[in-house]
Visitor: 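Provided herewith is a single structure, encoded as structure tokens, for subsequent inquiry.
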Amino acid sequence: MCTGKCSRFIAIGLYPLVVISIICNIVLFFPAGDTKYVSDGKITEEVKYMGGVIGGGIMVLLPALYIHLTGKEGCCGNRCGMFLSIAFAAVGVAGGLYSFIVAVLGLKNGPYCKVLLVWMTPFKDSEKGYLADSSQWIKCTEPEDIVQFHIGLFSTLLATSSLQVILCAAQMINGLFGCLCGTCIKKEVI
């Protein structure tokens, strides 16, 4: 596969990951499908960092668009375009890493929820991990099923950001080959 076709393949793989990241981050603002928690400021702190929208969304979408355009120029595009795709892919790696770090922190600290009468992050400083011990999940009484909601969406963000980093890093390598080796466009014989 030449570097241009590889660029298109990578870009097409990034598009659904961008959409999933943005949707997950937006849905995290509405625990239990209710708007009252976001309007009252009772959402998990890591959701406000917008890792899925900024990191896994915008910072990966822009490189995906450029990488896709680089692949459309011909079999491999040109050396300058491939060189620039390395820089754009590096931005995508940075965005994917930002989303990954926010997702890891979100999973580590746990959800912001009501415990008895107090709103808090009950699992943040606990020595025993709440992820492996579902019996602790009953501490959160409101919003309903917040722990499962939180784990599911932040785990999805973790997986999508990991794939984004891998694909953008692969494009950096692909762009390097395209820049060093040149194009593979077949010249017409006159």
Side-chain angles (χ1 to χ4, degrees), residues 1-30 38 43-109 149-190:
M1 180 185 298
C2 76
T3 57
K5 288 180 183 176
C6 185
S7 292
R8 281 196 309 258
F9 177 77
I10 289 170
I12 290 169
L14 287 172
Y15 293 137
L17 297 174
V18 166
V19 172
I20 291 168
S21 291
I22 291 171
I23 289 171
C24 283
N25 201 146
I26 291 171
V27 171
L28 277 164
F29 277 100
F30 307 104
V38 72
I43 56 171
T44 306
E45 192 66 30
E46 289 79 14
V47 175
K48 298 174 191 173
Y49 297 160
M50 304 284 285
V53 172
I54 295 171
I58 296 167
M59 288 181 70
V60 175
L61 179 61
L62 295 175
L65 291 171
Y66 182 81
I67 292 165
H68 195 189
L69 291 174
T70 300
K72 280 191 172 206
E73 263 194 43
C75 185
C76 295
N78 59 43
R79 288 179 188 221
C80 181
M82 287 310 228
F83 177 75
L84 287 175
S85 78
I86 297 170
F88 275 94
V91 171
V93 168
L97 285 174
Y98 176 67
S99 182
F100 182 86
I101 291 167
V102 170
V104 167
L105 286 174
L107 286 171
K108 179 190 171 294
N109 294 334
F149 175 83
H150 183 86
I151 292 171
L153 290 172
F154 272 114
S155 296
T156 304
L157 278 173
L158 188 71
T160 57
S161 62
S162 299
L163 290 172
Q164 288 171 336
V165 169
I166 290 167
L167 288 173
C168 287
Q171 177 56 33
M172 290 175 72
I173 295 166
N174 180 50
L176 181 64
F177 282 122
C179 183
L180 295 176
C181 300
T183 62
C184 62
I185 298 173
K186 296 177 183 175
K187 296 181 181 179
E188 293 183 25
V189 179
I190 299 178

Visitor: Can you tell me how far the CG atom of Leu69 sits from the CG atom of Leu84, to the nearest 0.5 Å?
Guide: 12.0 Å

Visitor: Restricting to pairs with a member in residues 170-179, which pass side-chain hydrogen bond (donor to acceptor under 3.5 Å, both in side chains), not counting sequence neighbours?
Guide: Ser7-Gln171, Ser7-Asn174, Ser85-Gln171, Gln171-Asn174

Visitor: To check you understand the geometry: which heavy-atom pair defines the closest contact between Ser99 and Gly56, and what is its length?
Guide: CB-N, 3.6 Å

Visitor: Distance from Leu176 atom CG to Met82 atom CE, nearest 0.5 Å?
Guide: 10.5 Å

Visitor: Where is the tightest heavy-atom contact between Ala89 and Pro63, given as atom of each residue plus distance?
Guide: N-CB, 4.3 Å

Visitor: Would you compute the distance between atom CE of Met59 and atom CG of Leu97 and round it to the nearest 0.5 angstrom?
Guide: 9.0 Å

Visitor: If we check side chain to side chain contact (heavy atoms under 4.5 Å, CB included) with Leu167, which of these qualifies: Val60, Ile67, Leu14?
Guide: Leu14

Visitor: Does the side chain of Asn109 pick up a donor-acceptor pair with the side chain of Glu46 at under 3.5 Å?
Guide: yes

Visitor: Mind checking what makes ring-ring contact (aromatic ring centres under 6.0 Å, His included) contact with Phe88, not counting sequence neighbours?
Guide: Tyr66

Visitor: Might you point out which heavy atoms bring Phe154 and Val102 nearest each other, and give the distance in Å?
Guide: CE2-O, 4.1 Å

Visitor: Is there a donor-acceptor pair under 3.5 Å between the side chain of Gln164 and the backbone N or O of Gly96?
Guide: no

Visitor: Minimum heavy-atom separation for Pro16 to Ile12, with atom names?
Guide: CD-O, 3.1 Å

Visitor: Ser155: what forms a side chain to side chain contact (heavy atoms under 4.5 Å, CB included) with it, not counting sequence neighbours?
Guide: Leu107, Ile151

Visitor: Report the residues that fulfil side chain to side chain contact (heavy atoms under 4.5 Å, CB included) with Ile166, sequence neighbours left out, ordered by chain and then residue number.
Guide: none

Visitor: Partners of Tyr15 by ring-ring contact (aromatic ring centres under 6.0 Å, His included), sequence neighbours excluded?
Guide: His68

Visitor: What pairs with Ile43 under side chain to side chain contact (heavy atoms under 4.5 Å, CB included), at least two apart in sequence or on another chain?
Guide: Phe29, Pro31, Tyr37, Val38, Val47, Lys48

Visitor: Please set out all donor-acceptor pairs under 3.5 angstrom arising from side-chain atoms of residues 17-27, sequence neighbours excluded.
Guide:
{"from": "Ser21", "atom 1": "OG", "to": "Leu17", "atom 2": "O", "distance (Å)": "3.0"}
{"from": "Ser21", "atom 1": "OG", "to": "Thr160", "atom 2": "OG1", "distance (Å)": "3.2"}
{"from": "Asn25", "atom 1": "OD1", "to": "Gly51", "atom 2": "N", "distance (Å)": "3.2"}
{"from": "Asn25", "atom 1": "OD1", "to": "Gly52", "atom 2": "N", "distance (Å)": "2.8"}
{"from": "Asn25", "atom 1": "OD1", "to": "Val53", "atom 2": "N", "distance (Å)": "3.3"}

Visitor: Using a 6.0 Å cut-off, check whether atom CZ of Phe83 has over 12 heavy atoms from anything other than its own residue.
Guide: no

